[in-house]
Structure formats: structure tokens, C-alpha cells
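Small disclaimer: the values here were computed from a predicted structure and weren't measured.
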Amino acid sequence: MNIHSLLKKKFGYNSFRPGQEEVIQSVISGHDTVAMLPTGTGKSLCYQLPGYYLKGTVLIVSPLLSLMQDQVEQLKIKGEKQVVAYNSFLSVSERKAVLDKLHRYRFVFISPEMLKNERVLERLKRISISLFVVDEAHCISQWGYDFRPDYLNLGNVRQLLGKPTTLALTATATKKVREDIIQLLHLDQPKEWIFSVDRPNIYIHVEHVSDMQEKEVRLLHLVQQLQKPGIIYFSSKRLADEMAKKMRQAGLNKVASYHAGLDQDERILIQQQFLYQQLEIICATSAFGMGINKENVRFVIHYHVPAQMESYVQEIGRAGRDGNKSIAILLYMEGDEHLHYGLMEQELPTDAQIDTFFYELYRLKKWPEETMLTEIQQSLQLSDVQLRFLLHYAEPLKQRPAQKVQVEEITQQIKNDRDVRRQERVRKIQEMKQWVASFTCRREGILSYFDERLDHCPLNCCDQCGTNVDFYYQTKSEIKDESKEQWEDILSQLFYR
DNA sequence: CGTTCGTCCATTAATGGACGAACGGTGCCTTAAT
């Protein structure tokens, strides 16, 4: 069966969306492929369809458990039974059962962390993998170097699995990030399918405020006036909570905050309520977004400037998936970016921490027990992220005890890598700040960051090219509808209690 | 780097200011002991 009839038969579509066919052709002909497709263009089809065309199992590396669960569910709805997410949600016996019949699955979703498990790797080696997929592949570059080092190991995993055809999927990657992906995954002369990151229906607005109070007033004004639903991004969980509370006090009742401090259950509930219009405004941290497929988000406000352009583009890209006019507003106060310098420092280990940590390993003459390791962590006041950063480099010392020369080499390497990483992150923060402070077209600025050129500005482009935020305010009739709805809510609550 | 929180001390006795420390986003995976 050819891919067009598969598309019709398995997915019920008559034609491909832009980019899909090229990417699918590329992977089924056995080429390693890097695909950058805009959000909402159906990236998952790019590996789902080949799953039916090719013989064997498609292995999908996914950054988030919730994303995996989501995709498993979607495939099940389409009638696919041979699909599983192998992760910590499964009980010990379930895991064993899955591993025992791994070859029977058509789609297996897995996290990068799980792929360092020896037993899992052993089993994966024995089955035939038709396609190795890295979903949200920019995570390799964005998270791999510090936050989730197991992303850096995917290249080795790929090698161990006999270099299956590989597909790296993302919506936002600069040329440098794509090179990073190719190098770290050890891709072999990959084909690249790159589509624009531009979203012409999103008006981009940067607004400068002089102090915190003004920022708060502006935010409350905007959320009352703008067409909803919308998302507000914060770089602080506390502020996200506080502002959500203030909005509720101001009479907006469909508001919630969302961040990693919430339980899994609460997070799922809020996502669902937002999806089904029971919530209109989410005060969120960067935890909110990946895998949220809501079409009609009308605004995205940034209360804090993101740490890099990639994050900004991902976050504003959650607006206007339906193609209708939407707005992105960044509220900027001089010095906002400093928060990110602080966050960065607490993620990277200091010289003293590095030296002492490896001195301890050397002194012990063998790999420390779990309890010993926690002791070292506590005495050096290492955060979990810092510890993992160090452990990633300490990996070779697990096999045989540390030699002095080797330890010196490793510590030097870590300090080096850390400094490179710090410099890179500082550069990204500065680039973001420059964009905020610039007096040229915002869209052009974003596109040039992604090595693209802007042919012509859309009608409502950005604050530099002109139009007015008011244009995105809800009309009087919409406000009336809203209050009527609230009345209905109140009445139904009264009656059905 | 800027904000917030806790502690200390000085006063006409329960506030207030000064000062320093801590905090500030992201997510996998925990095979232990009740």
C-alpha cells in the first residue's frame, strides 16, 4: 500500500499538510531526517504513518510523560492496540510484561532517562526498530547540557540499537541547534526539512513598564480587556499564584495558575478545564504548554521575559493555532532578565563543588553507595540538577576506581564545559534583551534569529510596524455574553446544589 | 541582580528599620522501608 492510501485508510485524511509528505517519504526511504514543522501541522503523523508502512517497531523518545500518555491515547482512539508508553507509570509487573513482548508493539514511547536502563536497552537491541524518533528534538540542545543530561546520551543509544533510521522532530530550532541535534544523535547525512517559524496571525507587542506596580496594573487591565482565552507566562511560581488570585479578586472567575509545584492530578485537571473552556486564563510557568493542543487561544502575555528566543517563540506559538488573529504581549521592566542569571548559576556547579566532589570520589577508591552519595550532596549543598551534572561526567568512574590523572582531567573538562554553557546561556539572555530593546520590526528580529528572512510584514505585525493593542480587545457584545454566561453559571449552581 | 523573608535590636513596649540570607523554571527516575 502506498502512503496516500495509508493516509486515507488509517487516518481518514485525503491529503497531507505542508511538509508531512516530504518528511514521510524521506524516512521511509531510509534517510535520517531532521524536520522542523510549525506547531499544529501534525508532526506526529510523520512517524505514525511510517509505522504502518515499515516493518518493525517505531521507538519514540518523548520529553514528557503526559505527552506520551496523550499520544498513546490518540493512537488507541484510532484503533491501534500495539502501542505502549514504557515509563514509571507502569507497575513492576506491567513493565516486565511489556519488555517480554516488546517486538509485538508497533509504537513504543519512552523517556531519555529510561533509555539508560541496561535491561531496557538489552531488550530493545533484540527487536527490529524500523524508526527511531526524537520528538521535541530541540530538548537535546536546550536541556541536554545541564537539566537532563540523558538527552546527550541518545546518540550512543542509537549506536547501540544498530543505527536505525532516525527522525528528529521540532517546531523551533536555530541552525546551530539543528547542527547540535545532528551531531549529538550522530546522524548520517540527514535530510533536513525546514519550514518557517513565522506565525503571521500573531501580532507581537512589547510594552515597557517602569516598575512592578505598573506591570501589575497593566496586566490586570489587559486580561480584563483582551479577548479570551489566554495564557500568561511567569518565571516564578509564586507570582503566577499571586496574580491568578488578584485576577479572581478583580472579578475574573475562570482563572487558574499552573506550575510544577502542583500535583499531577491538579495539573491534568487544569489542562482539561482550559481545553474545555471552563477556565479562560492560565497563569503559568514554562511547565505549561508542551502538548497543549488548544486551537483558540487569543492571547499570550509574558509577565517575565523568557531566557531565550526559542522559549519565547514556543510560548507565543500557543496562540492562534486556529489561524485567527491573536496577540502576544511582553511586559518588560528594566532588569527583568537578571532573574535568569540567578537561575542559571544555581544550576551549574561551582569550582569548589566540582573539586571537592571528585576529591571525595578519588578518596573513596570505589563508587559510593546511594546513602554516601546523598551525604556528599548535602555536605556540598548540591542541588539535584548540579549533582546530576557532575554524575554525568563521573560516569566512567563507575567501572573502575578513579585515578588521580583521570580525576584531574575530568574536573578540568567539567569546568570548561560549564563555562562554555554559561557563556552560551548569557548570550541567549542578552540576545533576548536586545530584541526587546530594539526599534526594528519584531517579526523580522525573530526570523533573523532563526536565520530566516521576512518577505513582507502581515497587516497587523508588531508594535514597531504599527497597530494598536485595542484592536484585540473584546467588543461590548462579547463582554455582555460573558456576563450572561456568568449569570447562567450562578443560576445553575443555585439550582443544582 | 532584585525581591522577600527572617532575625535582631532599639524604643518610651509592640512596631519599625537595618541587615543578611535565601530564593528565583523546566522532569525524568527513585527496586528503599513501613
Using a heavy-atom cut-off of 4.0 Å across all strands, would you classify A/Glu337 as base, sugar-phosphate, or nothing?
nothing
Verify the contact: side-chain N or O of A/Ser236 to OP1 or OP2 of B/dG25, cut-off strictly under 4.0 Å; return yes or no.
yes
Picking from B/dT31, B/dC29, B/dC28, the nucleotide nearest the side-chain atoms of A/Val92 would be B/dT31
Do A/Tyr233 and A/His304 have their ring centres less than 6.0 Å from each other?
no
For the side chain of A/Arg95, starting at C-beta, report the closest nucleotide among B/dG25, B/dG27, B/dT31.
B/dT31
Would you please indicate if the ring centroids of A/Tyr393 and A/Phe389 are separated by under 6.0 Å?
yes
Side chain of A/Arg238 only, heavy atoms from C-beta on: which candidate in B/dG25, B/dT31, B/dT4 is closest?
B/dT4
Taking the six-membered ring for Trp, are A/Phe109 and A/Tyr47 parallel (under 30°), tilted (30 to 60°) or perpendicular (over 60°)?
perpendicular
B/dC29, OP1 or OP2 - any side-chain N/O from A/Ser111 closer than 4.0 Å?
yes
From the options B/dG27, B/dG24, B/dC29, select the nucleotide whose nearest atom is closest to the side chain of A/Arg148.
B/dG27
When the P atoms of B/dA33 and B/dC29 are compared, how many Å lie between them, rounded to an integer?
22 Å
If B/dT31 has a Watson-Crick or G-U wobble mate with both distances under 3.5 Å, name it; if not, just say none.
none
Could you check whether A/Gly342 gets within reach of a base, just the sugar-phosphate, or nothing at all, counting any heavy atom under 4.0 Å?
base
Can you tell me the pairing partner of B/dC8 across any strand shown, Watson-Crick or G-U wobble, with both distances under 3.5 angstrom?
B/dG17
Sugar-phosphate, base or nothing in reach of A/Pro112, heavy atoms under 4.0 Å:
nothing
Does a side-chain heavy-atom distance below 4.5 Å link A/Arg178 with A/Met36?
yes
Expressed as a whole number of Å, how far does the C1' atom of B/dT11 sit from that of B/dT15?
9 Å
Could you tell me how far apart A/Asn87 (CG) and B/dC29 (C1') are, to the nearest whole angstrom?
11 Å
Along DNA chain B (nearest heavy atom to each residue), the more 5'-positioned of A/Lys237 and A/Met212:
A/Met212
Residue A/Met114, side-chain heavy atoms: nucleotide from B/dC29, B/dG25, B/dG27 that is nearest:
B/dC29
When you compare B/dC8 with B/dA14, how far apart are their C1' atoms, in angstrom units rounded to a whole number?
15 Å
Stacked cation flag A/Lys215 on A/Tyr303, 6.0 angstrom / 45 deg:
yes
Which base sits across from B/dA22 as a Watson-Crick or G-U pair, both distances under 3.5 Å?
B/dT3
Give a yes/no answer on whether the side chain of A/Arg267 brings an N or O atom under 4.0 Å of OP1 or OP2 in B/dG27.
yes
Taking the side chain of A/Ser88 as heavy atoms from C-beta outward, which of B/dT30, B/dT26, B/dG25 is closest to it?
B/dT30
Sticking with atom P, work out how far B/dC5 lies from B/dC28, rounded to a whole angstrom.
30 Å
Separation of B/dG25 atom C1' from A/Tyr341 atom OH, nearest Å, is 17 Å
Tested for side-chain hydrogen bond (donor to acceptor under 3.5 Å, both in side chains) against A/Ser326, the lone hit among A/Arg298, A/Arg199, A/Arg318 is A/Arg298
Please report the distance, rounded to the nearest Å, between CG in A/Leu262 and P in B/dT26.
10 Å
